[in-house]
Amino acid sequence: MTTRRDFLRRTTVGAAAVGVLGVPAFGAAQGAPTRTPVKLTFWTWENPQQRPWLKKRIDQYTQQYPNVSVEFQYFAFSDLGKKVSVGYATGTAPDGYTTGDWLMPTWLTRKLIVPLDVQQLGYASLDAFRDDHAPAFVAGAIHEGKAYGYPLWFYGVLNHVNTKQFKEVGLDPVKDEPKTWEQLGEVAKRLTVKDGSKFTRQGFKWAMHASQWTAFQFNPILLQAGGQWFDKDGKCTVNNEAGVRAMTIRASMTKQYGAEDPADSLATAPVPWMDWLKERAAMFSAPPIGPQAIKPINPAMEAEGYYKAYLMPGVSDDKRYSTCYGFNCVINVHASKEKQDVLHHMYRFIMSDLLDCWKATAPLTLARKSGWTDYPEVKSTPNIQAILRAKDTGVFLPRTPVWSELADAMHRAVQKVTLANGDIKTALNEAAAEVDRATAELKKG
Amino acid sequence: MGRRLLPWLGLVPLAGLTILVLLPVLWMLSTSFQASEKMFQLTMEWIPAAWHPENYPNALHRAPFPLFFMNSVIVSMAVMAGNVVFCTLAGYGLAKFRFPGDRFALLAILSTLMLPLEVTLVPTFLIVHSLGWLNTYQGIFAPLLVDAFGIFLMRQFVLGVPSDYLEAARIDGAGELRILWRIVLPQCKPVLAVLALFAFRDSWDQFLWPLAVVSRDEYRTYPLGLVRFAEDYGNPQTEQMAVAVMATIPVFVLFLLLQRLLKRGFGLTGLKG
Amino acid sequence: MAFVLPALLFFVFFKYGPMGWAFWLSFTSYDMLSPPRLVGLANFAGLAGDPVFLQSLQNTLVYIVASTTLVTLVALLLALAVTTRVPGARVCMGGIFLTNVMPIIAVCLVWRFLLHPHGLVNQLLAPFGAGRIDWLTSDTTAMPAIVMVTVWRFAPYFMVVFVAALAAIPAEYYEAAAIDGTRGLNRFRYITLPLLLPQLFFVIVVAALLSARLFLMPYIITGGGPGGATRVLSMLIYETGFSYLKMGRAAAISVVLFGIVLALTLVQMKLFMRDEEA
């Protein structure tokens, strides 16, 4: 419920802090929804920057509102979804948890999360909520006029390059930025160093270690080539002409430019950018990688700062975009009304200090549009322009209930093409058939 | 003269084989003392140029591994005890007693090993939940207390105990439990050692079941802690190796303790030399 | 009979109930997030026409047969090797057993690294003219690589079983053999091996059961790749149930796996248990 006092506080305090209207500030006098003791469970995924910060904010919240106690648990990223699913199956799912935006259909279609009261989150209306976030991002969380997810972070995928290696082969890190796929191939070729048939340095590396990565790296190429994942009848169309073109681009790094060795990678699930960090690859496509991720493995790179992030290339230099994805806070539909209210209140509190969030989790960008991009700490972050542009221009992953099957099918297809020299059309046909089978089963079941 | 030398000659291939087999373990050991940047160097540096033993205390600081290890020890010891008791009883019963349906009983027991845990996870979880045992030690070890593997192991070994002794004891009027305790078990020391070792070891490595049952650090077992620790790209991977080395120790110590029981018969078997 | 009762009761409570539920589940559609819904034989029909399932089925059969055979053979050979009179043999046994004790996450990390195209295994094979082998990314070598890691991991496990068995052979048998003049290979063939039959049965059955259920190793090392070449049924079950949230289908695949393993076990029981009537 918006009181006149709240509204004024929002516009004056918020405006004074950042000069932008509509920022949902969190006044100290804002009362908790309830005074009775409330026990909550909240689960999130492990990330060395995001998880400790979330915990810190939640601890600050429970200190300020001592009647609320929160059991905070975190799991390995790939385990969180499974734990929550098993939780729902057995009645032990947490009251609140975080989830990736590509998983929203999973929860939404089965009505497992509650529609959020945007006013409790500090917005006057759904439109105000929508306007304060990247529209395509919240579109995945808005269903039948209600918002179901409260956005935390969302970021775009960038082309990370090693500027020292660029200079070594006579390239200029500013002027020679690859803007099209052809340019990327040519630049990669120049950066490649071989010792006989063995690659000492690969020019550009695609991720091959996990299907989620294959899928989100392929996603923008497909869309740029004019293709789409599904047609209007729900049939998978990754094997049409545009899909073939996209796969050709994907495979070109190895086949056409000889700048990559798909079998030679040291990537692991927690550190997919290992080859780039170990300077075995000059360029790599990934979400924002900051000093905290670089330092443990390549302290010299971090200290001397010889890394740069570009936008990923495009089929033409004005059609450059990559995937963007993000994370929401959601509320379990089985949580009591009282717990739901407290969770709204807590979520709003967590995201009420965006500068603090940035300091802890940079360069992982926030989902909210307003209230943080003007801070000097943000502006002085290396590569921030590219990072923000990647997020703002990115395209989303297909929001489909068969996302996992789709990712696995694409992963197999990419392996067949790049590792086994398989025929592109055949591999894509098989992938499309797999996805269609999965969709059909979902409908049947 | 050649006779005495021969055994020593055998040591060369045997030791060579052992070291070859152990290369991955040695890699783990070596990497655990390396600086984090040295992980994944394709040209191996078997003896670290610079030793970093601080990986061990650092790892223990970054996550509550002492707690996780202790939890693992408690759970595994319970599983070991349960298996030693119940599998021995059942294995003995299957080996030395003929009753209608005993073949079927063996098959039925083995059938519990034929469905993977993933599909029986949810109902098993519901059972444990209904007993109120989520996030407790008994919740983790209860479904593991008796394993068909152990029953089958005991059965096959007890088959080799000559039945004459048992018959003689029965004629003498000894009770069944006494026969088991006094006559059968002393002859089964090697297999009991194996049973105890394997029960402990299998429980020690368990991941999926504890992941389902536990959502609180106080009951987390070390595999859960290690996987979560590995997900954090701020944790040097060399520290992961340090934790892995530490995790190897308890089972290995148990093996060393029980190894004495495996000793009988050494040197009397096998091929010439 | 009474001796077996406690174990059977335990199984009824903790095992047969869930197993029955899993069988029932194979006739339903269940995503864990909503209640199961009966769909009859639809899951099974779906499997029959699914190339991914059929490929996994084939991979599994190959994997079970290859692993079981090799694990049994290597375990037996290792056991014989460490129970000779070679000094230090027992130390070697301890060392070899370490491979089974190493945490699985470390095992996978190390082997992925060792089997890298420029990794240690290829470096060691280079003098033999092997050239570069893409162990984990070539569909001809991926399954052999997984089998190799499985044997490395589990042969020591069963070696200990054989060692215990060898330790239990009464000395009198060997003394009698010595008096007879039976030595070496004959002694092994006519005395040791027959006495090892019960454990041989055990190792073969359990190795088969283990390799049918095992999935963490291939899952982490190759992820089922390349192109599904190392995806085995147990992995497919895990993915289908927990990633795709199609538990009913996963249960159906489990039933198929159950059938295969049951058949294998029955065959082995027939083969080995003939002599037990004595």
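Naming: A, B, ... by sequence-line order, numbering from 1 per chain.
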Counting only non-hydrogen atoms closer than 4.5 Å, does B/L197 touch chain C with its backbone (N, CA, C, O), its side chain (CB onward), both, or neither?
side chain
Which portion of B/I127 sits near chain C, non-hydrogen atoms under 4.5 angstrom
side chain
With a 4.5 angstrom heavy-atom cut-off, could you sort out which part of C/H116 is near chain B: side chain, backbone, both or neither?
side chain
For the candidates C/I253, C/L233, C/V161, C/L114, which exhibits the highest count of non-hydrogen atom pairs separated by less than 4.5 Å from chain B?
C/V161
Distance-only, no hydrogens or angles: does the B/R201 side chain make a donor-acceptor pair with backbone N or O of C/Y157 under 3.5 Å?
no
Region of C/A251 that comes under 4.5 Å of a non-hydrogen atom in chain B:
both
Applying a strict 4.5 Å limit to non-hydrogen atoms, the region of B/V128 in contact with chain C is side chain
If you tally heavy-atom pairs under 4.5 Å against chain C, which of B/P223, B/A15, B/G160, B/A108 wins?
B/A108
Is there a donor-acceptor pair under 3.5 Å between the side chain of B/S72 and the backbone N or O of B/Y222?
yes
Please state whether the side chain, the backbone, both or neither of C/L124 comes within less than 4.5 Å of a heavy atom of chain B.
side chain
For C/F162, is it the side chain, the backbone, both or neither that has a heavy atom under 4.5 Å from a heavy atom of chain B?
neither
If you count heavy-atom pairs under 4.5 Å with chain C, which of B/F157, B/F207, B/F86 comes out on top?
B/F157
Tell me, for B/L254 versus chain C, whether the close heavy atoms (under 4.5 Å) come from the side chain, the backbone, both or neither.
neither
Can you name the residues that form a salt bridge (Lys or Arg N to Asp or Glu O under 4.0 Å) with C/R213, not counting sequence neighbours?
none
Specify which of C/A155, C/G94, C/G88 makes the most heavy-atom pairs with chain B at under 4.5 Å.
C/G94
Proximity breakdown for B/F97 and chain C, heavy-atom pairs closer than 4.5 Å
side chain
Answer key: most heavy-atom pairs under 4.5 Å with chain B among C/L8, C/I105, C/L98 is C/L98
Proximal component of C/I96, with respect to chain B [non-hydrogen, under 4.5 Å]
both
From the list B/V191, B/L107, B/L110, the residue making the most non-hydrogen contacts under 4.5 Å with chain C is B/L107
Which atoms of C/M102 are under 4.5 Å from chain B, going by heavy atoms: the side chain, the backbone, both sets, or neither?
both
Where on B/F252 is there a heavy atom nearer than 4.5 Å to chain C: the side chain, the backbone, both, or neither?
both
B/I109 portion near chain C, given a 4.5 angstrom heavy-atom threshold
both
Just so I understand: if I count every heavy-atom pair under 4.5 Å between each of B/D202, B/L17, B/V227, B/L117 and chain C, which residue has the most?
B/D202
Whatever's closer than 4.5 Å to a heavy atom in chain B on C/F97 counts as side chain
Less than 4.5 Å to any heavy atom of chain B: does that hold for the side chain of C/Y16, its backbone, both, or neither?
side chain
